[in-house]
Each structure stands twice: as structure tokens, then as C-alpha cells.
Amino acid sequence: MFKLFSKKKKDPNSKQYRWEMARQMANHHIRYVTEKINDVDEVIGRNGGLNIRDDELLVFASSDVLLRCKIAEMQAWELLSKDGVVITAPDLEHGGRERTIIVYYVYYR
């Protein structure tokens with residue numbers, strides 16, 4: 001039987017999916033970045049970008065590296081609005097502590 005509408009399911013835990021997400025996020029301009037601190041979403045950076053260096057993803061905003069993580073160890077998913085991405089990963093820039101941040105993209109018309 002023909003499978004007209006069959007789609008491959010993407011495994012968010014696969015290395016291939018994580019690299020696809022990293023490439024999709026790379027070179028986006030950042031409007032702002034938030035992190036939940038004491039049950040409150042706080043803005044931790046503004047005006048920056050997402051870049052890939054070797055096997056790491058860097059989130060750069062407010063003239064500082066907010067998050068640096070190995071792509072193979074990160075979990076990332078887009079917001080439903082497609083205006084940003086949620087990233088959870090051990091942060092190599094800040095002692096290896098696992099962090100979850102929300103990156104909001106600059107929207108161009």
C-alpha cells in the first residue's frame with residue numbers, strides 16, 4: 001500500500017536532530033534571552049546572536065556569552081510561535097551547571 005502522507009518521526013534525543021536544531025538556530029539575531037530564576041522569568045541578556053563553534057553552541061547577548069554547550073548534550077525545541085527556542089544543556093561557560101534558557105529572535109518583516 002502507498003504511504004502518501006508518511007513522515008519520518010524525528011527523535012529529539014538523536015545526534016542528527018540536535019545538530020539540525022543547532023544549524024537552524026545558528027546565525028539568528030537575538031532580541032532577548034530569559035531564564036527562570038526563583039520561579040520568575042528574568043531577562044538575562046539582550047541584542048546578540050547564536051553561533052556554532054566546532055561542536056559547541058554559543059548564545060551571545062549583552063556583550064557576554066550567556067550559554068556555551070556541547071551540541072550533542074543539548075535539548076532544544078522551538079516555541080509554538082516560531083519566535084524563539086528553548087535550550088536546556090550543561091553550561092560550559094558557567095561551571096557545567098544545567099540551565100534552561102529561552103531565546104527570543106528578532107523578528108524581521
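Remember, predicted model here, so these are calculated numbers, not experimental data.
No salt bridge links D91 with R97; every basic N to acidic carboxylate O contact stays at or beyond 4.0 Å.
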**Request:** Assess whether side-chain contact (heavy atoms from CB on, under 4.5 Å) is satisfied between L66 and V103, documenting all intermediate values.
**Result:** CA-CA 11 Å; L66 300 180; V103 178; over 6 Å; no

**Request:** Apply the test side-chain contact (heavy atoms from CB on, under 4.5 Å) to residues V86 and L79: give CA-CA distance (whole Å), side-chain angles for both, the deciding distance (0.1 Å), then the verdict.
**Result:** CA-CA 7 Å; V86 179; L79 299 176; 3.7 Å; yes

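At most 12 non-hydrogen atoms from other residues, nucleotides or ligands lie less than 6.0 angstrom from CD of Q16.
In this structure the side chain of I52 reaches within 4.5 angstrom of the side chain of I71, judged on heavy atoms. Annotation: side chain of V43 is not in contact with side chain of V33 (no heavy-atom distance under 4.5 Å). Looking at Q24 and E78, their side chains come closer than 4.5 Å, going by heavy atoms from C-beta outward. Between R31 and R46, the closest side-chain pair of non-hydrogen atoms is not below 4.5 Å. Considering only heavy atoms from C-beta on, R99 comes within 4.5 Å of I44 through its side chain. Considering only heavy atoms from C-beta on, I30 stays 4.5 Å or farther from N47 through its side chain. A 4.5 Å side-chain heavy-atom check between Y105 and D83 finds every atom pair outside the cut-off. In this structure the side chain of L67 reaches within 4.5 angstrom of the side chain of I87, judged on heavy atoms.
Expressed to the nearest 0.5 Å, how far CG of D41 lies from CD of E35 amounts to 9.5 Å. Expressed to the nearest 0.5 Å, how far CD of E73 lies from CD of Q75 amounts to 11.0 Å. Within the model, atoms CH2 of W19 and CG of L57 stand 9.0 Å from one another, a figure rounded to the nearest 0.5 Å. Interatomic distance, CD of E98 versus SG of C69, reported as 10.5 Å (0.5 Å rounding).
Side-chain atoms of S62 do not come within 3.5 Å of backbone N or O of D64 as any donor-acceptor pair. In this structure a side-chain-to-backbone donor-acceptor pair under 3.5 Å is present from R18 to M74.
Using a 4.5 Å cut-off between side-chain heavy atoms of Ile, Leu, Val, Met, Phe, Trp and Tyr, with links allowed through other members, I101 and W77 fall into different hydrophobic clusters. Following chains of ILVMFWY side-chain contacts shorter than 4.5 Å, one cannot reach V106 starting from M25, and the two form parts of different hydrophobic clusters.
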